[in-house]
Amino acid sequence: MTVEDTAKAQAGAKSALKTLRERRGGVPRELLDANKETVKTRKAVIDALAGGPKTALQIAAQTGLPSQTVFWHLMSMKKYGKVAEGEADGDYFTYGLVEEK
Amino acid sequence: MTAGNSGRKPMILILATEACAYPGADNTGQIHAEYSTNAYVVRVPAPVQFNEEFYLRCFDKGIDGILVMTCGHECPYAGAYDRTAQRIGRVHELMKERGLDTRRLRICAICTVCSKAYLKEVKAMVELVSQEQAAAVGGS
Amino acid sequence: MEKQNIKTDVLIIGGGIAGLQAALDLGDQGFSVLIVEKEASIGGRMINLSKVFPTLDCSSCICTPKMAAAAHHDKISIMTLAQPTNVEHQGAGFAVTVREQPRYLNAEDCTGCRLCEYACPVDLVHEVEGNLGARKAIYVPFNNAIPQVALLDMDNCIMCGACEKACPTHCIDYLQEPREHTIEAGAIIVATGLDLAPMDVKAEYGGGKLVNVLHGLQVERLLAPHGPYGRVLRPSDGKVPDTVAYIQCAGSRDHSIGIPYCSRVCCMYAIKQAMLLSGALPLVEVFIYYMDIRAFGKGFEEFYQNAKAMGIEFIKAKVAQITEDEHRNPVLRYEDQVTGRVEERAHDLVVLSQGVVPAWDPRAVLPVEVGGDGFIAAANENVAPCRTSITGVFAAGVATGPKDIPDSIVQAGAAAAEAAAYLRGNDKVESITTADRPAQRPVEVG
Amino acid sequence: MTEDKSQHNGEGADAENIRVGVYICHCGGNISDTVEIERVVEAAAKMPSVVVARRNMFMCSDPGQSMIEEDIRTERLNRVVVGACSPSLHELTFRGVLTRAGINPYLFENANLREQVSWVSKGDPTGATDKAIRLVGAAVAKARLLRPLEPIRLEATPRVVVIGGGLTGLRCALDLARLDLDVTLLEEQPFLGGHLAELGQVYPSDKPAREILGELIREVSAHPRICILTSAEVIEASGCVGTFLLKVRAAGEMETQCFSAERIAADLASRAHGPNGDHHNDGAGTTELEIQAGMAVLATGFDHYTPSQGEYGYEEHPGIITLPALIRELESGGLGSGPPALNGRPINSIGFIHCVGSRELDGVHDQNGKTELNHYCSRVCCTSALWAAKQLQARYPDLQIYDFHKDIRTYGHGHEDIYEDTAKSGVIFCRFADTAPPKVTVTESDPPLMISLKDELTFNEEIDVPVDLVVLVTGMVPHAIDNLVDMLKLPRSADRFLQEVHPKLRPVEMAVNGVLIAGCCQAPLDSVESAAAASAAAAKAAALLGKGYIEREPFVARVDQALCNGTSACVEECKYNQAVSLVETAGGARKAQVNAAICCGCGMCAAVCPTGAIQVDGWRLDQFDAMIDALLVNY
């Protein structure tokens with residue numbers, strides 16, 4: 001693909017997005033809210049991990065979030081390479097942040 | 001263009017079966033897991049086709065470690081897995097006679113989605129041959 | 001809406017293991033086949049299982065070659081994200097309207113590299129992982145999906161454009177529309193497979209609200225090498241479970257929930273999962289609460305006896321109720337049928353053997369006769385189990401009733417034979433008298 | 001071993017002017033973000049025999065493919081290497097490019113630079129580039145030694161021999177004929193129908209077995225493509241897939257006529273009287289004939305398990321009978337039309353004991369003179385027993401029926417209803433542990449038989465149940481086919497039933513190429529499942545024989561006769577019967593020869609050949625050696 005092709009494709013995508021937004025009447029409210037919530041929770045989990053690897057229960061205790069929610073976020077971040085599984089602490093594994101390369 | 005293994009990273013050869021281990025190696029790529037760049041996968045229908053001399057020749061040429069990744073007992077060919085395992089045992093004997101560390105040749109079963117096991121095997125072999133090379137350099 | 005006409009000898013509805021096997025058996029006979037699959041990848045239920053009973057070989061290792069063989073077969077075409085919406089007779093065959101949902105990208109240009117997925121900021125629950133893991137709003141459905149192509153979940157897209165920026169082939173097309181195809185097919189095979197009865201059908205088992213009560217397919221994902229957690233942990237807090245309980249017939253053999261029949265696979269997958277759990281977690285204790293252990297297939301009884309010898313505990317009991325303690329451990333209340341005592345026991349994780357139900361009710365689209373259990377009824381079950389009430393329409397796999405993988409695969413072969421014979425027009429065997437009969441001595445040699 | 005270096009470096013290939021084209025794919029950054037593509041192309045250009053090295057954003061795209069096609073024509077390339085994603089994705093795509101450009105598709109080699117380099121080496125771009133170069137080098141080295149291959153085509157007789165004339169064999173024969181194949185159906189008995197003919201109404205359809213069978217036999221015997229041989233046995237077998245040769249001995253004249261409705265009805269009626277009932281007499285004398293067939297289907301079925309004397313009191317009292325015997329009595333009206341009686345003894349109560357000869361455990365069950373215990377479940381007997389109980393209840397409402405089981409396995413369509421119906425109408429169920437089977441004793445009192453067990457359904461209470469009739473619910477054992485097993489070298493599983501190649505990948509095929517299995521010779525099955533297996537086998541045969549020839553991938557062993565010393569090491573090593581054998585050559589020497597119809601291409605032979613004469617096409621040892629040499633080259 002040439003440079004011009006790329007530029008053309010990008011311009012096309014931009015106008016397509018605009019059309020799409022018009023068609024859907026913008027991003028649905030509940031989607032934005034859900035996403036905001038996810039981002040907030042994600043940030044809380046990441047902040048809790050700043051001090052070093054922790055188990056889901058420890059993060060839950062520190063943040064006040066339900067352990068089930070914390071665990072799901074840890075697993076999501078693990079899948080996309082943001083956290084890594086560490087040592088086990090009893091019946092629970094710890095999870096730590098992965099440094100960006 | 002030069003040949004031989006002087007002055008480069010130790011080299012690991014992975015003989016991976018077409019039915020199981022090779023897709024297993026692909027799967028490791030699909031999850032974007034990382035492993036050392038000195039492990040080279042060669043696709044084979046069944047490693048049972050390699051005779052004892054083949055392995056010894058690989059070591060002579062400068063291959064530092066060989067992982068024979070098979071389908072295990074899920075092998076599509078009758079009796080091939082057991083035969084391969086027996087042969088690797090005999091190669092180990094011949095390696096001992098030549099003063100080669102038998103840990104440098106290992107047979108294991110890897111399935112099409114066994115990336116965890118795949119990574120573990122590669123990592124262990126990389127560590128082994130790196131240590132051996134370091135020891136050899138230190139000793140010379 | 002864009003419309004397209006496609007001609008094929010056989011249309012197969014469903015690209016799971018039964019549909020794939022039927023397609024391969026027909027394609028190998030030279031018939032053209034179109035598989036219409038409602039999900040984004042072929043492979044059905046089997047591709048997402050861990051290991052399979054009784055041989056304990058890896059499910060993906062068996063399913064992937066069949067998927068690849070179908071995908072590469074020159075007589076087989078595959079249409080994903082597509083479902084039939086109308087079927088009409090047309091001559092000796094059928095005209096089938098199929099609606100194909102957009103992926104919002106040009107599948108031919110997508111290389112399955114997943115750069116879009118990594119770029120997407122939206123985190124969502126992943127259905128393929130039994131809702132235990134995560135995915136993005138644009139994603140490749142799973143590692144060994146065929147086709148290896150991403151799809152955009154428009155319902156959850158926040159239209160940020162990050163995927164398009166990341167895509168090396170610029171294949172994303174936000175404005176794609178559903179497409180409608182008219183398939184002219186000589187015969188149809190229905191291989192639409194199974195769903196599990198919903199977890200909320202039984203209020204006494206927590207009504208689907210207990211976080212550490214899972215169904216069998218979710219545990220398959222926990223045990224699979226690429227599962228949502230990468231190992232077996234429970235969803236409430238990531239604990240490595242020490243005790244796991246299986247409740248058999250949790251949603252089968254039960255008139256009160258409308259599933260009076262035996263679901264046929266639950267005994268065996270519970271035993272299999274118990275063995276795999278014991279392998280993965282050396283300290284785990286597994287209990288199976290059951291009415292009858294139905295280990296009836298080839299090698300199944302031997303497998304069951306092995307599990308007993310391994311220390312899996314089989315408890316003949318009907319579980320009356322499941323509640324939860326303060327640590328979210330599920331607590332079972334049951335009457336032990338051998339001792340007669342009512343007991344209570346807490347476990348870290350409980351697995352319900354939910355009933356197998358048909359994934360598709362064909363009647364609105366294709367009026368084949370369906371039995372009282374919701375599965376497609378065979379017109380002549382004892383000798384021709386794949387024939388439906390409509391000539392030229394055949395059924396295979398779980399569409400005709402709960403079945404394990406070998407039984408589904410065998411029945412798929414049978415459906416292929418039926419469809420092929422039908423297409424060859426050889427079903428009008430007239431009564432032939434001796435006089436009309438051509439000499440039919442076997443080929444004699446020597 | 002003295003190493004012939006030239007062999008590994010492909011001197012043989014130099015006889016031909018090898019011209020390799022190398023194509024490296026960016027995969028839109030998937031490879032090129034980590035691997036320095038320009039360096040790989042530069043290195044490739046220096047590799048031996050490489051005349052063109054190029055790159056493209058997407059090699060698999062139309063422009064990418066056209067680039068290769070164009071080069072093959074203009075640069076006269078005769079080998080192509082593509083460094084891109086895994087061969088599982090595009091090996092066939094690129095082979096297609098070679099075909100379109102007019103060269104043999106097997107002269108293509110892939111280097112996996114995405115799944116096995118860029119995606120696993122993000123943190124080490126230098127190492128990744130080096131690895132990519134070495135893998136491309138290895139692919140070029142292999143490509144130089146590739147030889148054009150052609151798919152294997154084997155002659156195939158479009159006839160299938162089906163052995164066994166029960167439901168499975170009949171169903172299979174009919175489906176094969178419907179798929180335009182000729183069929184010879186062999187039945188060792190003088191009549192068709194197998195064990196199904198012994199039954200009355202069958203579940204789940206509730207139809208009389210004889211009606212179902214009668215219809216099927218009429219269709220089979222009327223079909224112009226099917227030849228039926230009754231009282232027939234296979235006495236010799238040779239050949240292989242495509243051209244099996246079976247010598248068959250059959251009693252009387254060959255059946256070349258359509259069976260009359262009367263004949264079918266008479267045969268089936270006689271079957272209801274048991275395996276030794278009267279049957280149609282085919283006349284005296286036997287004929288022998290040879291049948292050539294492309295494939296064979298085994299549908300040899302099962303035998304009822306016969307308890308040994310004393311097993312649950314069997315043969316120690318006339319009131320202890322097997323389930324098949326009870327069904328026979330029911331069918332022939334032997335229990336009478338009034339209050340039930342057997343051989344003059346009134347029957348007021350019956351006890352069914354399940355799992356007789358099935359689900360046996362070492363250390364619990366006596367071998368009773370058998371060579372082996374039957375560890376397996378016979379699958380159909382639970383439902384059959386309850387089906388019989390249901391019919392007894394319908395005919396004799398006052399009869400008290402007890403059912404003694406370990407588990408009730410009413411798994412199939414409609415089976416659970418039968419269980420529920422019998423329970424509702426008064427069958428009393430008792431359960432015993434599999435380690436504590438019930439005991440049957442003959443008493444002096446009335447009723448004369450006593451079944452004793454610990455009942456798990458009443459909290460392990462020890463109970464004694466007096467009954468007039470004990471029905472032993474016997475399972476299945478494979479029908480004795482030792483001769484066929486020996487002749488065709490068929491594998492059996494631990495349960496002594498025939499063993500398929502793989503229960504999921506190839507459930508109706510045997511390891512012997514061209515031999516299929518269906519029905520109860522493989523495992524206990526009910527009629528629905530047997531019929532499905534029969535049709536599945538027919539589909540498989542039609543796929544293989546339908547074209548009149550059999551086509552296989554060319555990756556099988558090949559012998560270089562000039563190198564072969566005739567040591568027979570390969571013959572002894574091979575696990576596939578007659579895939580490789582020694583043959584006399586024109587010069588009188590004995591040399592190995594591969595039968596491409598049977599060879600699976602595993603290469604077990606190659607490893608033991610002292611001279612390297614036998615090699616698997618497409619995966620030759622010299623190719624592997626060359627790849628390893630190339631991996632070690634620094635560019």
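Convention: sequence-line order gives letters A, B, ...; per-chain numbering from 1.
Put simply, NE2 on D:His413 and OH on C:Tyr261 are 10.5 Å apart, with the number rounded to the nearest 0.5 Å. Annotation: the span from C:Arg424 atom CZ to D:Asp180 atom CG amounts to 4.5 Å, rounded to 0.5 Å. Atom-to-atom distance recorded for D:Ile31:CD1 and C:Cys113:SG is 10.5 Å, nearest 0.5 angstrom. Between C:Ile146 atom CD1 and D:Ser88 atom OG the span is 8.0 Å, to the nearest 0.5 Å. The line from CG of D:Asp407 to OH of C:Tyr290 is 6.0 Å long, rounded to the nearest 0.5 Å. Expressed to the nearest 0.5 Å, how far OH of D:Tyr411 lies from CE of C:Met268 amounts to 13.5 Å.
Contact of D:Tyr419 with chain C is made through the side chain alone, with heavy-atom distances under 4.5 Å. Contacts of D:Ala537 with chain C are absent, with no heavy-atom separation under 4.5 Å from either backbone or side chain. Heavy-atom distances place no part of C:Glu108 under 4.5 Å from chain D, backbone and side chain included. With a threshold of 4.5 angstrom between heavy atoms, D:Leu92 approaches chain C through side-chain atoms but not through N, CA, C or O. When heavy atoms are compared at a cutoff of 4.5 Å, C:Phe375 does not approach chain D at all. Heavy atoms of D:Pro507 lying under 4.5 Å from chain C belong exclusively to its side chain. Contacts of D:His415 with chain C are absent, with no heavy-atom separation under 4.5 Å from either backbone or side chain. Neither the backbone nor the side chain of D:Leu213 comes within less than 4.5 Å of any heavy atom in chain C. Heavy atoms of D:Asp495 lying under 4.5 Å from chain C belong exclusively to its side chain. In this structure, the portions of C:Ala295 lying under 4.5 Å from any heavy atom of chain D include both its backbone and its side chain. Both the backbone and the side chain of C:Thr111 come within less than 4.5 Å of a heavy atom of chain D. Contact annotation for D:Gln522: both backbone and side-chain heavy atoms come within less than 4.5 Å of a heavy atom of chain C. If you measure heavy-atom distances from C:Asp109 to chain D, you find no contacts under 4.5 Å at all. Neither the backbone nor the side chain of C:Asp404 comes within less than 4.5 Å of any heavy atom in chain D. With a 4.5 angstrom heavy-atom cutoff, D:Leu216 touches chain C only via side-chain atoms. Of the atoms belonging to D:Lys247, not a single heavy atom falls under 4.5 Å from chain C. Both the backbone and the side chain of C:Ile62 have a heavy atom closer than 4.5 Å to some heavy atom of chain D.
For chain C, the option among D:Gly412, D:Ala533, D:Pro204, D:Cys85 with the highest count of heavy-atom pairs below 4.5 Å is D:Pro204. Between chain D and the options C:Gln411, C:Gln148, C:Lys66, the largest number of non-hydrogen pairs under 4.5 Å is found for C:Lys66. Ranked by heavy-atom pairs shorter than 4.5 Å toward chain C, the options D:Glu456, D:Glu500, D:Arg431 are led by D:Arg431. Chain C forms the most heavy-atom pairs under 4.5 Å with one residue out of D:Leu545, D:Thr410, D:Leu544, and that residue is D:Thr410. Per-residue counts of heavy-atom pairs under 4.5 Å with chain D were compared for C:Arg114, C:Glu302, C:Met46; the largest is that of C:Glu302. Put simply, of D:Ala433, D:Gly414, D:Ala542, D:Gly546, the one with the most heavy-atom pairs under 4.5 Å next to chain C is D:Ala542. Chain D forms more heavy-atom pairs under 4.5 Å with one residue of C:Gln337, C:Arg264, C:Gln21, C:Met291 than with any other, namely C:Arg264. The choice from C:Lys403, C:Arg341, C:Lys316 that makes the most heavy-atom pairs within less than 4.5 Å of chain D is C:Lys316. For the set D:Gly29, D:Ser205, D:Ala494, D:Ser378, the entry with the most heavy-atom pairs within less than 4.5 Å of chain C is D:Ser205. Each of D:Arg114, D:His26, D:Lys454, D:His405 has some count of heavy-atom pairs under 4.5 Å with chain C, and the biggest count is that of D:Arg114.
Judged by distance alone, the side chain of C:Asp25 and the main-chain N or O of D:Ala539 form no donor-acceptor pair under 3.5 Å. Formation of a donor-acceptor pair under 3.5 Å by the C:Asn382 side chain with backbone atoms of D:Val528 is not found in this model.
With salt bridges taken as basic N to acidic carboxylate O contacts below 4.0 Å, none links C:Arg387 and D:Asp175. Under the 4.0 Å criterion applied to side-chain N and carboxylate O atoms, C:Arg294 and D:Glu416 are assigned as salt-bridge partners. Using a 4.0 Å cut-off between a side-chain N of Lys or Arg and a carboxylate O of Asp or Glu, C:Asp28 and D:Lys540 do not qualify as a salt bridge. Using a 4.0 Å cut-off between a side-chain N of Lys or Arg and a carboxylate O of Asp or Glu, C:Glu301 and D:Arg409 qualify as a salt bridge. Between D:Asp434 and C:Lys308 a salt bridge is recorded (basic side-chain N to carboxylate O distance below 4.0 Å). The existence of a salt bridge linking C:Lys298 and D:Glu529 is excluded, since no basic side-chain nitrogen approaches an acidic carboxylate oxygen closer than 4.0 Å.
Heavy-atom minimum distance, C:Phe296 versus D:Cys377: CA-SG, 3.7 Å. Between D:Ile408 and C:Asp292, the closest heavy-atom pair is N-OD1, 2.8 Å. The shortest heavy-atom contact between D:Pro503 and C:Thr55 is CG-CG2, 4.2 Å. When all heavy atoms of D:Phe459 and C:Thr339 are compared, the pair lying nearest together is CD2-C, 4.0 Å. Summarising the geometry of C:Ala414 relative to D:Ala532, their closest heavy-atom pair is CB-O, 3.3 Å, with the distance given to 0.1 Å. Counting all heavy atoms, side chain and backbone alike, C:His72 lies closest to D:Leu89 at NE2-O, 4.1 Å.
Heavy-atom neighbours of C:Lys51 NZ from other residues, nucleotides or ligands within 6.0 Å: at or below the threshold of 12.
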**Message:** Would D:Lys547 and C:Gln29 count as a side chain to side chain contact (heavy atoms under 4.5 Å, CB included) here? Give the steps.
**Reply:** CA-CA 8 Å; D:Lys547 287 189 280 242; C:Gln29 290 180 63; over 6 Å; no
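Between D:Tyr203 and C:Glu381 the shortest side-chain heavy-atom distance does not fall below 4.5 Å. By the 4.5 Å heavy-atom criterion applied to side chains, D:His502 and C:Asp57 are counted as neighbours. Using a 4.5 Å heavy-atom threshold, the side chains of C:Asn380 and D:Lys207 count as touching.
Looking at D:Lys504 and C:Ser59, their side chains never bring a donor and an acceptor atom within 3.5 Å of each other.
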